[in-house]
Novice: 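There's a structure below that I have some questions on.
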Protein chains: 2
Amino acid sequence: MINTFYNQQDQLFVGVDCIIFGLCEGSLKLLLIKRDFEPHKGEWSLMGGFVRQNESVDNAARRVLKNLTGLDGIYMNQVNTFGDVNRDPGDRVVSVAYCALLNMHEIDNCALQKYNATWVDYNEIPRLCMDHNLMIEHAINKIRHRMRTEPLAFRLLPQRFTLTQLQNLYETLLDTKIDKRNFRRRALENSCIVSTNYIDKENSRRGARLYEYHSERLELLSFKI
Amino acid sequence: MINTFYNQQDQLFVGVDCIIFGLCEGSLKLLLIKRDFEPHKGEWSLMGGFVRQNESVDNAARRVLKNLTGLDGIYMNQVNTFGDVNRDPGDRVVSVAYCALLNMHEIDNCALQKYNATWVDYNEIPRLCMDHNLMIEHAINKIRHRMRTEPLAFRLLPQRFTLTQLQNLYETLLDTKIDKRNFRRRALENSCIVSTNYIDKENSRRGARLYEYHSERLELLSFKI
DNA sequence: TCAAAAGTGTTCAGGGTACACCCATGG
DNA sequence: CCATGGGTGTACCCTGAACACTTTTGA
């Protein structure tokens with residue numbers, strides 16, 4: 001009885017593609033794969049997969065991310081759906097792009113090798129197959145907007161971070177220079193960011209105070225840096 | 001040779017649903033249909049359709065809108081993709097929601113009747129079938145954001161409009177009261193909005209000056225009211 | 001003559017931006 | 001002792017918000 005309403009309609013392949021951002025020693029990276037399968041074998045690509053009959057599109061994205069990184073429960077956001085007829089030379093595939101932000105040090109490097117995945121610098125993104133460059137562009141625009149209204153940075157940073165690290169991240173993502181004093185003042189006014197008693201001695205002789213995000217205050221609706 | 005890469009993958013129905021906003025005598029409306037077909041026969045619904053093998057998802061949305069309204073080339077925006085497994089009791093359907101803004105007076109009322117479609121006040125949106133209320137919520141949030149950064153209002157208004165009409169539209173969409181003097185000052189500072197020599201005598205004894213959007217200036221990246 | 005909508009400037013506060021120097025430490 | 005990154009306050013400007021009365025005209 002079910003499965004009879006839409007019999008005359010076409011069915012299409014539905015894919016997900018993941019734009020995965022990570023931060024490594026202060027520089028922002030994107031996780032890309034060199035395809036060792038057709039179509040577009042040998043070209044750069046986002047990591048993707050197909051949505052199965054019995055999983056939601058969101059879950060398909062989570063599954064693809066987990067396969068690649070071993071990580072569960074990562075923050076992911078739908079970016080946009082790409083549905084041109086000939087976007088994929090393999091067949092007609094409608095693809096939903098998702099964006100993930102994660103802390104690079106948590107991730108499983110074996111899985112990365114298995115999929116032939118590597119971190120590529122955010123400022124040196126190569127030409128990718130199909131419409132994947134366009135997907136990345138959409139994702140970046142979306143992140144830029146969210147950075148201004150939500151606490152996102154903590155998803156990329158280690159648990160404890162210096163204000164300089166935080167500022168560098170904002171500068172990279174927003175592609176702008178920020179005045180140090182103004183940035184620090186605003187960061188400290190922001191109740192999500194709390195000071196710890198730890199000092200980072202790795203990046204300077206003097207040492208820099210480490211801060212954390214205050215998990216219970218992350219829910220705050222308005223966020224400003 | 002083509003069509004062999006993805007053979008083992010599932011194929012799904014892909015739908016589009018249209019959230020259609022229109023303005024009628026100063027009040028904002030949504031175009032909904034009372035379904036005279038299964039599933040959810042008799043319930044309120046967005047107008048939708050299925051994406052065909054040989055059309056892009058964007059074009060499917062345009063086709064659905066054109067069928068219903070007779071209008072071509074209407075401003076439409078992808079809102080979000082809804083992909084829960086059981087969102088549609090008829091079958092597994094992944095649906096891409098689109099938002100359209102149009103001027104109600106241009107549209108073909110015969111087609112509306114054919115589909116059992118009616119304009120429903122923006123402030124009295126009924127319970128709709130499936131996840132359609134959620135789609136509308138997403139669409140409204142997106143419009144609210146775009147209102148502040150793009151000239152959108154002119155897509156809903158007639159070609160010539162009074163500043164009071166414009167202000168009412170902003171107040172409805174943003175769900176806020178705006179100070180008249182501040183609003184008018186900002187509107188007139190905005191180079192997209194130009195004064196005409198026409199006077200509207202329908203809505204007041206005194207008459208109100210009619211304005212137009214300046215089409216060549218609509219491309220401006222930043223927009224503020 | 002009055003009801004109803006159109007139209008019109010000024011003041012004030014707060015947020016954002018610009019700007020330069022001292023501090024602590026390891027090598 | 002010096003090179004390196006960490007850390008700190010103030011002044012100004014501009015934008016956004018608040019606020020009330022006069023004008024026009026049809027009924």
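In what follows, chains carry the letters A, B, and so on, assigned in the order in which the sequence lines appear, proteins first and then strands, with residues in each chain numbered from 1.
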Novice: Calculate the interatomic distance between Glu189(A) atom CD and dG14(C) atom P; express it in whole Å.
Specialist: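 That distance rounds to 14 Å.
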
Novice: Which part of the nucleic acid, if any, lies within reach of Thr164(B) when heavy atoms closer than 4.0 Å are counted: base, sugar-phosphate only, or nothing?
Specialist: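 Thr164(B): backbone/sugar contact only, no base atoms under 4.0 Å.
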
Novice: Students often get this wrong, so: under 4.0 angstrom with heavy atoms, is Arg209(B) touching a base, only sugar-phosphate, or nothing?
Specialist: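 Touches sugar-phosphate only.
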
Novice: Look up atom OG in Ser191(A) and atom NE2 in His214(A), then write down how far apart they are to the nearest 0.5 Å.
Specialist: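 Taking OG in Ser191(A) and NE2 in His214(A), the distance rounds to 8.0 Å.
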
Novice: Round to the nearest Å and state the distance from Phe183(B) atom CZ to dA5(C) atom P.
Specialist: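 From Phe183(B) CZ to dA5(C) P: 18 Å.
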
Novice: dG9(C), dT4(D), dG7(D): which one has an atom nearest the side-chain heavy atoms of Arg205(A)?
Specialist: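 The closest nucleotide is dT4(D).
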
Novice: Whole angstroms only, please: what is the CZ-P distance between Arg185(A) and dG6(D)?
Specialist: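 Atom CZ in Arg185(A) sits about 18 Å away from atom P in dG6(D).
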
Novice: Are Phe161(B) and Phe154(B) close enough that their ring centres sit under 6.0 Å apart?
Specialist: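 Here the rings of Phe154(B) and Phe161(B) have centres that are no less than 6.0 Å from each other.
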
Novice: Starting at CD1 of Ile199(A) and ending at C1' of dC23(C), how long is that distance when rounded to a whole Å?
Specialist: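 My rounded result for the distance is 14 Å.
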
Novice: Rounding to a whole Å, what distance do you find between Arg181(A):CZ and dT10(D):C1'?
Specialist: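 Atom-to-atom, Arg181(A) to dT10(D), this comes out as 9 Å.
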
Novice: Assess Arg155(B) against Tyr75(B): is NZ or CZ under 6.0 Å from the centre of the six-membered ring, and within 45 degrees of the ring's axis?
Specialist: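 Satisfied, under 6.0 Å and within 45°.
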
Novice: Mind checking if Lys201(A) touches a base, just sugar-phosphate, or nothing, with heavy atoms under 4.0 Å?
Specialist: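 It contacts sugar-phosphate atoms only.
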
Novice: Quiz question: going by heavy-atom distance under 3.5 Å, is there a donor-acceptor pair between the base of dA24(C) and the side chain of Arg206(A)?
Specialist: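 Answer no: no donor N or O sits under 3.5 Å from an acceptor.
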
Novice: Expressed in angstrom and rounded to an integer, what is the separation of Leu163(A) atom CG from dG7(D) atom P?
Specialist: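 In whole Å, dG7(D) P and Leu163(A) CG are 7 Å from each other.
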
Novice: Between Ser204(A) and Asn182(A), which is nearer to the 5' end of DNA chain D once each is assigned its nearest nucleotide?
Specialist: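 In this pair, the answer is Ser204(A).
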
Novice: When we call it a touch if two heavy atoms are under 4.0 Å apart, what does Arg186(B) touch: a base, just sugar-phosphate, or nothing?
Specialist: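 Touches sugar-phosphate only.
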
Novice: Calculate the interatomic distance between Asp200(B) atom CG and dA4(C) atom C1'; express it in whole Å.
Specialist: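 Checked: the CG to C1' distance equals 14 Å.
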
Novice: Determine whether a donor-acceptor pair (N or O, by modelled atom type, separation under 3.5 Å) exists between the side chain of Gln78(A) and the backbone of Asn80(B).
Specialist: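 The answer is no, because no donor-acceptor pair under 3.5 Å joins these two groups.
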
Novice: Whether Arg87(B) engages the ring of Phe82(B) as a cation-pi pair (distance to the six-membered ring centre under 6.0 angstrom, angle to the ring normal within 45°) should be assessed.
Specialist: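 Verdict for Phe82(B): no cation-pi partner in Arg87(B).
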
Novice: Among dT8(D), dG9(D), dC19(D), which nucleotide sits nearest the side chain of Arg184(A)?
Specialist: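 Taking heavy atoms from C-beta onward, the closest nucleotide is dT8(D).
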
Novice: Using whole Å, report how far CD of Gln167(B) lies from P of dA5(C).
Specialist: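 Those two atoms, CD and P, are 14 Å apart.
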
